[in-house]
Asker: 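Have a look at this one before I ask anything.
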Amino acid sequence: MPDSKSLSEVHSSVAVPESRGFLRRLFAFAGPAYLVSVGYMDPGNWATDIAAGSRYGYALIWVLLMSNLMAVLLQSLSARLGLVSGRDLAQACRDRYPPAVNAALWVLCEVAIGACDLAEVLGSAIGLQLLFGLPLMYGVLVTALDTFLILFLHQAGIRKMEAFILVLVATIGACFLLEIILSRPDLPGIARGFLPTLPDRDALYYAIGILGATVMPHNLYLHSSLVQSRKVVKTADGIHQSLKYNTIDSVVALNIAFFINAAILVMAAAVFFRSGHTDVASIQDAHRLLAPLVGSGVAPIVFAVALICAGQSSTITGTLAGQIVMEGFVNIRLRPWLRRLVTRALAIIPAVLTIAVAGEGASGELLVFSQVLLSMQLSFAVIPLIHMVSDRKRMGAFAIRPVTKALAWACAGIIVVLNVKLVLGELGGWVAKEGAAGVAARFAAIPVFVAVGLLLLYIIAEPVLFAGRGKRQPPDVHHPEIDDVEPARPFRKIAAALDFGDTDAEVLSRAASIAAANRCPLLLVHCVESAGAAAMGGEITDTESQKDLERLRRYTIVLGKHDIQAEAELGFGDPVRVLPEIIRRHGVELLVVGAHGHKGLSDWLYGSTIDELRHRLNISVLVAGREG
């Protein structure tokens with residue numbers, strides 16, 4: 001079977017010290033949230049923050065704060081999914097939804113990543129233009145060179161990549177701290193900005209823009225994968241500890257992002273709104289006006305440096321997100337350099353064509369368009385995430401509580417309503433256009449939006465539909481799953497062979513008691529004996545294999561609640577041949593198998609499997625049977 005680990009090249013590559021020292025463990029877990037946080041300060045956010053600050057002063061800071069609180073909640077849920085289930089959000093969707101739905105979600109997510117990359121390309125190109133006077137077209141082409149930077153960091157390892165991102169984030173933060181000092185904002189005015197108010201009807205549009213540009217859909221896929229780079233002990237205590245440290249990581253990193261976004265808005269309010277320039281909406285206009293209004297030539301230089309850093313940091317995380325969703329949704333793996341070239345080409349081509357046809361002045365409209373595309377995708381990441389972390393079969397005792405679930409759905413509701421309003425407004429503008437553009441919108445855009453709307457309804461209602469479908473299915477050949485395991489009896493380094501039959505409960509109970517008594521890991525093994533599995537072995541990716549592996553993973557979560565470190569592995573083919581190979585590879589010292597309870601001819605047929613298996617092993621075999 002293909003490697004199912006998310007970002008397998010860095011999976012469990014960062015050791016977490018066993019030391020009880022709080023700071024040492026926090027440092028080991030710190031990193032994933034900083035990579036995620038750059039998506040909250042990418043160039044696509046700048047124009048919205050500048051426009052809101054120049055028009056309404058400090059009045060909409062509260063919208064940024066609310067957006068940040070929503071982001072902290074959603075990103076913590078994303079981290080929870082990855083840490084508990086061992087699957088990133090894209091993989092979890094592939095496990096849950098039909099292939100056609102997964103294909104549609106993948107396409108939407110790739111479009112969103114391309115749109116985000118487009119904003120990063122334009123942001124970096126604008127920064128180069130502002131700093132060095134480089135024409136925008138050349139700046140866009142120069143950004144293609146950062147492909148080599150991505151590849152270098154990819155080879156260096158996840159910790160060095162995190163360190164590089166942290167340097168860029170710190171640079172952006174330092175730049176805007178200097179901007180605030182130079183702009184001399186009104187501190188009481190900033191304090192009043194945290195009181196929820198909308199100065200006029202148009203302020204709602206800017207609030208929607210801030211919300212729509214804050215929570216990035218690909219960040220939810222990214223975070224659920226990056227947290228798996230830490231080597232976490234899969235016990236109840238180990239998972240609880242990792243969730244605590246990752247929550248701290250998320251709060252700190254996303255509050256830095258909040259500071260930077262708020263600093264952009266505060267700078268715009270202190271410089272432009274105070275001087276009567278209430279119509280500044282583009283990054284170029286903001287840069288041009290900074291020097292004469294602030295009275296310092298340093299301000300525009302610092303502004304451009306921060307913009308370049310924002311573009312470069314965001315493009316690194318966008319590449320990782322692209323790899324995650326491609327592997328997760330459709331199980332396609334590309335070499336990192338090829339994946340990067342494809343992503344960068346999808347961003348550069350529309351940017352070059354727009355600049356060539358409409359001129360450099362159209363870059364602002366292209367930035368807005370990229371944010372609309374991001375808004376379309378957001379609901380398709382948030383809603384599946386909430387469904388996944390609410391599912392007790394997947395998350396066990398770590399499923400979110402009712403209060404958290406209510407807050408998450410409130411966030412999702414706000415995001416869906418505001419983004420639907422934003423998208424419908426943009427669609428209305430396209431349809432109202434005259435000529436070929438209006439015709440294209442009516443015959444192409446409207447059907448696409450209708451199809452996307454139907455997909456959204458399916459994603460929302462899927463748990464109900466799935467539950468109903470489960471009742472209509474014929475009785476499953478497997479017996480009901482075990483809800484709990486009570487470790488009670490002692491024994492040493494072991495594996496449990498499960499056939500998803502009547503004896504599994506006893507096998508798990510015996511194996512769990514031995515693992516608990518000896519504080520050793522427990523390996524859960526199941527052999528897929530289909531014709532396809534026998535022929536293709538680990539290369540098979542059929543539905544049965546995926547369901548069996550997911551079932552084993554749910555058992556590991558149940559065992560984790562009892563502080564038993566468990567892992568799962570599928571074998572493919574004849575158990576008599578496959579099980580000994582797995583046992584030897586993992587260094588297992590005791591194998592627990594289930595008795596079939598047959599008599600007569602059936603006993604001769606089925607019992608011979610256990611006898612033959614015992615003869616192929618040089619370790620102890622415990623045959624567990626049901627009473628009665």
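Numbering starts at 1 and runs along the sequence shown. All values below were derived from every heavy atom in this structure, side-chain atoms included, with hydrogens, water molecules and symmetry-related copies excluded. Computed from a prediction, not measured in an experiment: that's the story for all the values here.
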Asker: Sub-3.5 Å donor-acceptor pair from the side chain of Gln91 to the main-chain atoms of Asp88, do we have one?
Answerer: yes
Asker: So do Leu108 and Leu455 actually touch side chain to side chain, heavy atoms under 4.5 Å?
Answerer: yes
Asker: Could you please spell out the steps behind the side chain to side chain contact (heavy atoms under 4.5 Å, CB included) verdict for Asn219 and Gln75?
Answerer: CA-CA 8 Å; Asn219 277 345; Gln75 293 298 161; 3.3 Å; yes
Asker: Mind checking whether Phe380 and Leu105 have side chains closer than 4.5 Å, heavy atoms only?
Answerer: yes
Asker: Would you name the heavy atoms of Val325 and Gly322 that are closest together and state the gap between them?
Answerer: CG2-O, 3.4 Å
Asker: How long is the gap from OG on Ser229 to CD on Glu162, to the nearest 0.5 Å?
Answerer: 5.5 Å
Asker: Checking the side chain of His387 only, and the main-chain atoms of Ile460 only, is there a donor and an acceptor separated by less than 3.5 Å?
Answerer: yes
Asker: Kindly compute the distance separating CD (Gln546) from CG (Leu570), expressed to the nearest 0.5 Å.
Answerer: 10.0 Å
Asker: Quick check: do Val452 and Leu456 have side-chain heavy atoms less than 4.5 Å from each other?
Answerer: no
Asker: Could you measure the distance from the OG1 atom of Thr247 to the CZ atom of Arg80? Nearest 0.5 Å is fine.
Answerer: 7.0 Å
Asker: For the backbone of Phe329 and the side chain of Asn102, can you confirm whether one donor and one acceptor N or O come within less than 3.5 Å of each other?
Answerer: no
Asker: Would you mind reporting whether Ile126 and Leu307 have side-chain heavy atoms less than 4.5 Å apart?
Answerer: yes
Asker: Can you name the nearest heavy-atom pair linking Ala381 to Pro217, along with the distance?
Answerer: CB-O, 4.0 Å
Asker: Would you check, one step at a time, whether the test side chain to side chain contact (heavy atoms under 4.5 Å, CB included) holds for Arg553 with Arg394?
Answerer: CA-CA 8 Å; Arg553 286 189 174 125; Arg394 175 179 292 275; over 6 Å; no
Asker: Rounded to the nearest 0.5 Å, what's the gap from NE2 on His223 to CD1 on Ile324? Could you check?
Answerer: 11.0 Å
Asker: Residues two or more places apart in sequence or in another chain: which of them pass side-chain hydrogen bond (donor to acceptor under 3.5 Å, both in side chains) with Ser225?
Answerer: Ser6
Asker: Identify, with sequence neighbours excluded, every residue that meets side-chain hydrogen bond (donor to acceptor under 3.5 Å, both in side chains) alongside Asp95.
Answerer: Arg87
Asker: With sequence neighbours left out, what residues match Tyr34 under ring pair (Phe, Tyr, Trp, His ring centres under 6.0 Å)?
Answerer: none
Asker: Return the set of residues passing ring pair (Phe, Tyr, Trp, His ring centres under 6.0 Å) with Tyr97 (not counting sequence neighbours), or none when no residue passes.
Answerer: none
Asker: Return the minimal non-hydrogen interatomic distance between Ala90 and Tyr221, and the atom names on each side.
Answerer: N-CD2, 3.6 Å
Asker: Would you check if Arg96 and Pro463 make a side-chain contact, meaning some heavy-atom pair closer than 4.5 Å?
Answerer: yes
Asker: For Leu220 and Leu385, work out which heavy atoms get closest and say how close.
Answerer: CD2-CD2, 4.1 Å
Asker: Let me confirm one number: the CG-CD1 distance from Asp391 to Ile386, rounded to the nearest 0.5 Å.
Answerer: 13.5 Å
Asker: Step by step, would you call Leu73 with Thr404 a side chain to side chain contact (heavy atoms under 4.5 Å, CB included)?
Answerer: CA-CA 9 Å; Leu73 174 61; Thr404 306; 4.1 Å; yes
Asker: Any non-hydrogen side-chain atom of Trp106 less than 4.5 Å from a side-chain atom of Val101?
Answerer: no
Asker: Between Ser78 and Ser224 (side chain of the first, backbone of the second, donor and acceptor by atom type, cut-off under 3.5 Å), is there such a pair?
Answerer: yes
Asker: With sequence neighbours left out, write down each residue that passes side-chain hydrogen bond (donor to acceptor under 3.5 Å, both in side chains) with His218, or none if nothing qualifies.
Answerer: none
Asker: Apply side chain to side chain contact (heavy atoms under 4.5 Å, CB included) to Met70 and list each qualifying residue two or more places apart in sequence or on a separate chain.
Answerer: Met66, Leu211, Cys411, Ile414, Ile415
Asker: Are any non-hydrogen side-chain atoms of Gln228 and Pro32 less than 4.5 angstrom apart?
Answerer: no
Asker: Is Asn255 reaching over with its side chain to a backbone N or O of Phe258, donor-acceptor style, under 3.5 angstrom?
Answerer: no
Asker: Answer whether the closest heavy-atom distance between the side chains of Ile239 and Leu243 falls below 4.5 Å.
Answerer: yes
Asker: Measure the spacing between CE of Met388 and CG of Leu77 and express it to the nearest 0.5 Å.
Answerer: 13.0 Å
Asker: Apply side chain to side chain contact (heavy atoms under 4.5 Å, CB included) to Phe398 and Leu83, showing your working.
Answerer: CA-CA 10 Å; Phe398 297 98; Leu83 287 167; over 6 Å; no
Asker: Using the ring of each side chain (for Trp, its six-membered ring), is Phe500 parallel, tilted or perpendicular to His526, with breaks at 30° and 60°?
Answerer: parallel
Asker: Identify the heavy atoms of Leu222 and Leu35 that sit nearest to each other, and give their distance.
Answerer: CD2-O, 4.4 Å
Asker: Show the nearest heavy-atom pair for residues Ser379 and Pro384, with the distance to one decimal.
Answerer: O-CD, 3.8 Å
Asker: Using modelled atom types and a 3.5 Å cut-off, is there a donor and acceptor pairing between side-chain atoms of Asn261 and backbone atoms of Tyr40?
Answerer: yes
